[in-house]
Amino acid sequence: MKFAVVNFPGSNCDMDLFYAIRDGIKQEVELVDYRQTSLAGFDGVLIPGGFSYGDYLRSGAIAVHAPIISEIIRFADEGKIVLGICNGFQILTELHLLPGALIRNEKGRFICETVTLQVENTDTPFTNQYQLGEQMRIPVAHGEGRYFCDDKTLQELKENKQIAFKYTENINGSVDRIAGVTNKQKNVLGMMPHPERAIEDILGSDDGLKLFQSIINYQVRVNN
Amino acid sequence: MKLVKVYVTLKPSVLDSQGEAIKSAVHSMGYDQVEKVSMGKYFELHFQDYENLEKDVDAICDELLTNPNIETYRYEILEEK
Amino acid sequence: MKLVKVYVTLKPSVLDSQGEAIKSAVHSMGYDQVEKVSMGKYFELHFQDYENLEKDVDAICDELLTNPNIETYRYEILEEK
Amino acid sequence: MTEPTAKQIKDSKLYQQWGLSESEYDLISEKILKRLPNYTETGLYSVMWSEHCSYKNSKKVLRKMPNKSSRVLAGPGEDAGILDIGDGQAVVFKAESHNHPSAVEPYQGAATGVGGIIRDIFSMGAQPIALMNSLKFGPLDNGKTKHLVDEVVAGIGGYGNCIGLPTVGGEVSFEDCYENNPLVNAMCVGLLNKTDFKHGTASGNGNLIVYVGAKTGRDGIHGATFASDEFTDTKNKQRSAVQVGNPFIEKLLMDACVEIIDQHPDWVLGIQDMGAAGLVSSTAEMASKAGSGLVLNLDNVPQRETEMSAYEMMLSESQERMVLCIKPEFETEVLDFFKHFELDAVVIGHVTEDKQYKIYHQNKLVTDIPVDSLTEMVPEYDRSEVAPARIKADKDYHFMPVINSLSDTWLDMLQQPNIASKKHFYQTYDSQVRANTLVRPGSDAGVVRIRGTKKAIAMTNDSNSKYVYLNPFVGGQIAVMEAARNIVASGGLPIGLTDCLNYGNPENPEVFFELDKSVEGIASACEKLDTPVISGNVSLYNEYNDEAIYPSPMVGMVGLIENYDNVTTIAFKEAGDLIYLIGETADDFNGSEIQMLQEKQIKGDLRTLDLDQEKRHQELVLKAIQQGLITSAHDISEGGLAVALSEASFEKELGFEIKTDLTSTQLFSETQSRFIVTVKTSDKDKFESLGSEMHLLGQVIAEPEFKVTTKDDSVVIDAKKAAKNWKEAITCLMK
Ligand SMILES: Nc1ncnc2c1ncn2[C@@H]1O[C@H](COP(=O)(O)OP(=O)(O)O)[C@@H](O)[C@H]1O
Ligand SMILES: [Mg+2]
């Protein structure tokens, strides 16, 4: 598979994601500048964490107006893989490719911690290598990671099985402990925790590897 | 020239953690008479004058300055000397 | 009850990095007629009514809501139904 | 505003308000220029001759520190020092103080401190890889201090998190003397391909001077002189000298500078960041180092505000700006390169041969002075020194704690602010971004691996100003040795250090004594360990209403780990592991945390430190780690053995059972040169054959209990209660 890691001004987990793909699951990967207007030739697009445009205004709000965005929307619409991590998740909600919004953590402070996530749905391109209810240790690092949506949306998320991951402990005050959600079609995932920081034991955990392996596994099935 | 002042506030259903934090700070300063604090954003946009400016202001507010999932806005357009 | 609306803006000499970033986003959306954007904060404080409230609003603004090194503020006090 | 004439400046002695003394002014006008300096020129001299830029009071002292070793590629004098770590790579690091800016504007002061130190690293051509910080505040017993702490911590995190560099360690402590003069020291470590090394010089007649980065505003004018000035109540109002940081721009600037040096080394001849005293300091130093002159045209400087004078532009400390010296044939390439990163880049001048510093503003020549007069001709002062009265008076004071209940004292100690967990603060720093962090805050040192190799870099910030206050020389030695122990306990070989020397007014002979003697202590310890001081920073005049802070040298040490399999942390790993104490324990209670707890003061002298013994212990631990015999290692510092054992037990929620000949009080002694380590039972003999300094204390147990038998007592302490005290104390105090 060939992945694009889209780099916005202020993205800072782009290389972490790049290495996770190149060294972690040994697939092709390229950094793509936000000024590009085509993602032709890629099978999946990854939006990294960081502080695009300094997190000014609202996190993710300004990136939404970059040239590459229309291609990301096309990918989402065509059912291709789109993954947004941390700031990438914020961008995807600002784009309304994913429901809800990410607001300031309940306690108002930035949190850097390794937390336990629980897999809520294994029937997605991103989670098919996990067991339902499986717990994984993944780092978080965010100040605005509190998932918010209204009751109606939450109901829909549940009905459509769009909740991918929950925190076992509600670290930031998210609605229903939500850590990651997909779109209805399940080809777009946004999550606040950083699986790309959990792909080697020496970094404390390799529980994030299976997420990337799930994508490969899914793609192999699609291709056949 | 026109000066557009935009006020953005959180929807009532969204918990305003900053507002809450400020309220308790106000109380710890001894001002117990403050019953509620909410925090929002305030923008000033300086526009060249042109027709239909209002339509564009709406678009800028809807697509950039606010996230309609969580925020609402109002604005006023003033003449700038 | 009184509603106090507080508008906080950066002093003109202070770099408004958010305003700058928003301005370029507005331009990239195609609205070149916007010449300047500045971003500030907006607070609503709901007070029980009492005398000398203004003095306290000043204190809250000076000591809590603004950073006098870089920001200035103005406010209005409204009657709340 | 019309600027005063040269004559008016002389007559009104305006220069004194800017920090130049009468004799300095006379030296400039009579010997150097042989005319009166104009307004702009006087401004340039006043900042460049400030302590912050010139080190005129501390130079003589700084020369006492060793700065050579087989690894040193660049030492003091550059933006940061460089140490060879083999395989064509080097580490680059430096620490910087931002005490005064943080006192007046805590968030921005701390944030721009971080921003500034990062620029010092990438201006060497290095890729910054990690950050650390050392913070000192007054006690957390009032809202003002809590707010200050909150804002400083938020500023540090705000900048580091946004730019995307992990903060992997640091320290926070609380003493009365910092109440109105907090210390905010930040350190950055970078990684350099040796071929990318760039000097901060401007050489070659006709080469161009390029300005890159944020626009210039009136930020922080006279920040440098301000940083060299004492605080008083009235000066607290001196708020215009505040810079505002923009980590978003700095991220672009960092990426652009690292890339241009790496990909286009022939374009860039020299590069330097604009730090204190902005444009003048960076350009004058670049020219002076190269023996060149410069012509600058200020009309080309990107400006954020209107009607700025030459004086304001030259002295502005607007953040996120760099100066480059480039070859004229690459002008278009260089400017386009930065444009691609959406950064302002313009040519503002060129290099000349005449060694003159010439500045044009609105077509007028506003400055024409020898460039060396700003940098090289600054007078050096030899201050007089005298031992502080307290040192003589308290020479024979020996504090002995009284312990009525060992478990109560133990539990109390764990919640002392200087001992309790600092997670409340460091949890707000991204410690893992870049996915190389092997040891996050919470152990003895932060450790970052070098991707693509087996190597890792360990780093720590340490200072115990209480010891330095009681005995500057021994205190200085301890600062270095404690840092080294933290590196060693993490599996690293100490290879060098940087420092921030935070003191009071050097014109006070007692303060100067503290500075001089503690630097001698630092120097002697560095020589013993062969760890050169390759960069650093001096912050003097840390006083409030004439009360000086404790003499507070901060040591930022870096260690090399050849194989990251040897990385060791403080946490006990498994029940059954044997616990050893390395080193002897004596009654060292002067300056200790238990003295603070019981006497609410520190008093008395420190014992001489046996440097040879210290070194032996460090070598023993490192050797045992490298042989794979050690499952955890922790140095013993504040709070002594009791605290060290407790800290090691918390992460994995284990307990321990120990039996010792020491008295209960001695569990809190702060004797130097000690470690605790754990060893698997199967490695017992192998480990014990390495030396004779180890004492078997007992073992790690699965039950959450501290079972302790001393010479005079025997207690069982609830480890959960202990952990709670330690973990929650700071959060509680910050409420
Ligand atoms: N300001 C800070 N920033 C990051 N980490 C910190 C900070 N303060 C303390 N820490 C971390 O907390 C742990 C304990 O600090 P400290 O008690 O000073 O250690 P030591 O006594 O071993 O030097 C260390 O891992 C240190 O890196
Ligand atoms: Mg330690």
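Note on naming: letters A, B, ... go to the chains in the order of the sequence lines (proteins, then strands), and numbering restarts at 1 for each one.
The CD atom of Q427(D) sits 7.0 Å away from atom CZ of R109(A), with the distance rounded to the nearest 0.5 Å. Rounding to the nearest 0.5 angstrom, the gap separating the CD1 atom in I62(A) from the CZ atom in F248(D) is 8.0 Å.
Looking at S431(D), the atoms closer than 4.5 Å to chain A (heavy atoms on both sides) sit in the backbone and in the side chain alike. For chain D, the nearby part of S11(A) is the backbone; its heavy atoms alone come within less than 4.5 Å. Using a 4.5 Å cut-off between heavy atoms, L438(D) touches chain A through backbone and side chain atoms alike. Looking at N87(A), there are no atoms closer than 4.5 Å to chain D (heavy atoms on both sides), in backbone or side chain.
For the residue pair L203(A) and T437(D), the shortest heavy atom distance occurs at CD2-O, 3.7 Å.
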Side chains of residues 566-574 of chain D: which donor-acceptor pairs under 3.5 Å do they make with residues two or more places apart or in other chains?
unit_1	atom_1	unit_2	atom_2	d
T568(D)	OG1	N566(D)	O	3.0
T569(D)	OG1	K573(D)	NZ	2.9
K573(D)	NZ	A571(D)	O	2.6
K573(D)	NZ	T631(D)	O	3.0

Please tabulate, for the side chains in residues 152-166 of chain D, all donor-acceptor contacts under 3.5 angstrom to protein atoms that are two or more places apart in sequence or on a different chain.
unit_1	atom_1	unit_2	atom_2	d
Y159(D)	OH	E250(D)	OE1	3.2
Y159(D)	OH	E320(D)	OE2	2.6
N161(D)	OD1	D430(D)	N	2.7
N161(D)	ND2	G157(D)	O	3.1
N161(D)	ND2	T428(D)	O	3.1

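Between the side chain of R449(D) and the backbone N or O of I202(A) there is no donor-acceptor pair closer than 3.5 Å.
Heavy-atom pairs under 4.5 Å with chain D peak, among A20(A), S52(A), P139(A), G50(A), at P139(A). For chain A, the option among R434(D), K251(D), E342(D), R451(D) with the highest count of heavy-atom pairs below 4.5 Å is R451(D). For the set D55(A), T114(A), I199(A), V140(A), the entry with the most heavy-atom pairs within less than 4.5 Å of chain D is T114(A).
You'll find the side chain of H340(D) reaches within 4.5 Å of the side chain of R35(A), heavy atoms only.
No hydrogens or angles considered: a donor-acceptor pair under 3.5 Å links the side chains of N246(D) and Y56(A).
Counting heavy atoms of neighbouring residues, nucleotides and ligands inside a 6.0 Å radius, atom NZ of K107(A) does not exceed 12 of them. Counting heavy atoms of neighbouring residues, nucleotides and ligands inside a 6.0 Å radius, atom CD of Q263(D) exceeds 12 of them. Other residues, nucleotides and ligands contribute at most 12 non-hydrogen atoms within 6.0 Å of the NZ atom of K215(D). Within a 6.0 Å sphere centred on NZ of K2(A), other residues, nucleotides and ligands contribute more than 12 heavy atoms.
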Could you go step by step and tell me if R440(D) and E113(A) meet the salt bridge (Lys or Arg N to Asp or Glu O under 4.0 Å) rule? CA-CA 10 Å; R440(D) 302 165 66 176; E113(A) 264 284 15; 5.3 Å; no
